[in-house]
Engineer: 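Below: one structure in structure tokens.
Since we're looking at a predicted model, the values are computed, not measured.
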Amino acid sequence: DQMDSGKWERFYVCAPPQFGGKTLVGVLLPSLRNAIALRLPVGYGLPTLQDLDKAWAEKLRPALLKSGYEDHLPKAGPGARGGRGHTLQFLEPGTGETEGMLVFLAGGAYGSTVAAAIVDEVDQFRLSDGTPLWGALEDIFNRANAYGRKALRIAVGTIENDTQSIILPLVDEQGTGTRPWP
């Protein structure tokens with residue numbers, strides 16, 4: 001209901017390491033909702049292409065296969081044999097009609113318009129000295145601007161350190177002023 005309401009510009013999902021549900025609630029649910037149910041493009045963002053390769057192989061693809069949506073994955077072309085292309089086109093299993101697509105976005109993304117911009121592992125958007133890469137995060141979120149109030153912008157992060165977390169200032173400064181609730 002909250003994602004459909006149009007009254008929120010951004011959602012932040014955060015929890016400590018190995019706390020079940022961040023990927024399910026913050027990444028898979030909104031991705032499948034937009035790509036399969038609404039047939040809209042979804043952007044999935046991480047800092048680097050290597051991070052995207054790893055997340056696709058170890059996290060997203062296995063979760064899609066286990067969730068019962070494997071029939072929506074392409075049978076030919078990018079993603080058909082488990083690899084990660086620039087995009088992943090979902091298909092209606094009964095008719096073969098195109099549904100939405102998953103667009104893989106690395107930090108500093110440009111050129112792709114998506115209805116939902118979902119940034120995973122948001123606390124990795126920083127330099128080795130801990131400086132946050134706010135510009136790269138905003139570049140990914142800006143990919144959804146064309147959808148106006150229908151756009152979803154979601155950041156999912158693991159809180160591992162009280163002083164270096166990127167998601168905590170986002171929640172405090174851009175959020176409702178409340179603390180993160182597990």
Engineer: Give, for atom CG of L127 and atom CG of L133, the distance between the pair rounded to the nearest 0.5 Å.
Structural biologist: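 It is 4.5 Å, given to the nearest 0.5 Å.
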Engineer: With rounding to the nearest 0.5 angstrom, report the CD to CG distance, E138 to N145.
Structural biologist: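 Spacing of CD (E138) from CG (N145) equals 9.0 Å.
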Engineer: Under a 4.5 Å side-chain heavy-atom rule over Ile, Leu, Val, Met, Phe, Trp and Tyr, are V25 and W8 clustered together?
Structural biologist: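 No, separate clusters.
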Engineer: Using side chain to side chain contact (heavy atoms under 4.5 Å, CB included), reason through L64 and L32 one step at a time and then give a plain yes or no.
Structural biologist: CA-CA 9 Å; L64 284 169; L32 294 174; 3.5 Å; yes
Engineer: Tell me the closest heavy-atom pair linking D123 and T158, and the distance in Å.
Structural biologist: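 In this case the closest contact between D123 and T158 is OD2-O, 2.7 Å.
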Engineer: Evaluate the side-chain proximity of Y44 to L105: yes if any heavy-atom separation is below 4.5 Å, no if none is.
Structural biologist: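 Of all side-chain heavy-atom pairs linking Y44 with L105, none is under 4.5 Å.
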Engineer: Look at the side-chain heavy atoms of Ile, Leu, Val, Met, Phe, Trp and Tyr, link any pair under 4.5 Å apart, and say whether L73 and Y69 land in one connected group.
Structural biologist: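 Per the 4.5 Å side-chain linkage, L73 and Y69 are co-clustered.
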Engineer: Side-chain contact test, heavy atoms from C-beta onward, threshold under 4.5 Å: evaluate it for P30 versus I118 and give yes or no.
Structural biologist: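 Touching, per the 4.5 Å side-chain cut-off.
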Engineer: Between the side chains of E121 and K54, is the shortest nitrogen-to-carboxylate-oxygen separation below 4.0 Å, so that they form an ion pair?
Structural biologist: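 No salt bridge links K54 with E121.
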Engineer: Run the side chain to side chain contact (heavy atoms under 4.5 Å, CB included) test on Y147 and L40 for me, step by step, so that the C-alpha distance in whole Å, both residues' side-chain angles and the decisive distance to 0.1 Å come before the verdict.
Structural biologist: CA-CA 10 Å; Y147 282 84; L40 295 170; 4.0 Å; yes
Engineer: Enter the distance from L91:CG to H72:NE2 here, rounded to the nearest 0.5 Å.
Structural biologist: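 Here the interatomic distance stands at 9.5 Å.
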Engineer: On a heavy-atom basis, which atom in R39 and which in T98 lie closest, and how many Å separate them?
Structural biologist: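 Where R39 meets T98 most closely, the heavy atoms are NH1-O, 3.4 Å.
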Engineer: What distance separates N34 CG from E99 CD, expressed to the nearest 0.5 Å?
Structural biologist: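 Between atom CG of N34 and atom CD of E99 there are 12.5 Å.
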Engineer: If you look at every heavy atom in A115 and A144, which pair is closest and at what distance?
Structural biologist: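 Shortest heavy-atom separation between A115 and A144 comes out as O-CB, 4.0 Å.
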Engineer: Are there more than 12 heavy atoms of other residues, nucleotides or ligands under 6.0 Å from atom CZ of F11?
Structural biologist: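 Above 12, so yes.
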Engineer: Go through the steps for D120 and D51 under the test side chain to side chain contact (heavy atoms under 4.5 Å, CB included), then give the verdict.
Structural biologist: CA-CA 10 Å; D120 201 0; D51 294 332; over 6 Å; no
Engineer: With no hydrogens and no angle check, is any side-chain donor or acceptor of R153 less than 3.5 Å from a backbone partner on F141?
Structural biologist: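 Answer holds: yes.
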Engineer: For L52 versus G45, what's the shortest heavy-atom pair and its separation?
Structural biologist: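 In this case the closest contact between L52 and G45 is CD2-C, 4.5 Å.
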Engineer: Measure across T48 and A106 and return the closest heavy-atom pair with its distance rounded to 0.1 Å.
Structural biologist: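 That would be C-CB, 4.0 Å.
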Engineer: In the single-linkage hydrophobic clustering (I, L, V, M, F, W, Y; side-chain heavy atoms under 4.5 Å), do I36 and L60 co-cluster?
Structural biologist: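 Result: yes, single cluster for both.
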Engineer: Identify the two heavy atoms, one from V13 and one from G26, that lie closest to each other, and give their separation to 0.1 Å.
Structural biologist: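 It is CG2-CA, 4.1 Å.
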Engineer: Under the side chain to side chain contact (heavy atoms under 4.5 Å, CB included) rule, what do Q124 and L46 come out as? Steps first, then yes or no, please.
Structural biologist: CA-CA 8 Å; Q124 300 306 313; L46 283 167; over 6 Å; no
Engineer: Measuring from atom CG of L152 to atom CG of L38, what distance do you get when rounded to the nearest 0.5 angstrom?
Structural biologist: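 With rounding to 0.5 Å, CG (L152) is 9.0 Å from CG (L38).
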Engineer: Is there a donor-acceptor contact under 3.5 Å from the side chain of Q89 to the main chain of G100?
Structural biologist: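 Indeed, once roles are kept as given, a pair shorter than 3.5 Å links the two residues.
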Engineer: Taking the side chain as C-beta and beyond, is there a heavy-atom pair between F104 and L88 under 4.5 Å?
Structural biologist: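 With C-beta onward as the side chain, the pair touches.
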Engineer: Going by heavy atoms in the side chains, are L28 and S67 under 4.5 Å from each other?
Structural biologist: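 Result no, sub-4.5 Å side-chain heavy-atom pair not found.
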Engineer: Nearest 0.5 angstrom please: I140 CD1 to F125 CZ, how far?
Structural biologist: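 Answer for the CD1-CZ pair, I140 versus F125, is 4.0 Å.
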Engineer: Hey, are the side chains of V114 and V42 touching, using non-hydrogen atoms and a 4.5 Å cut-off?
Structural biologist: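 No, their side chains stay 4.5 Å or more apart.
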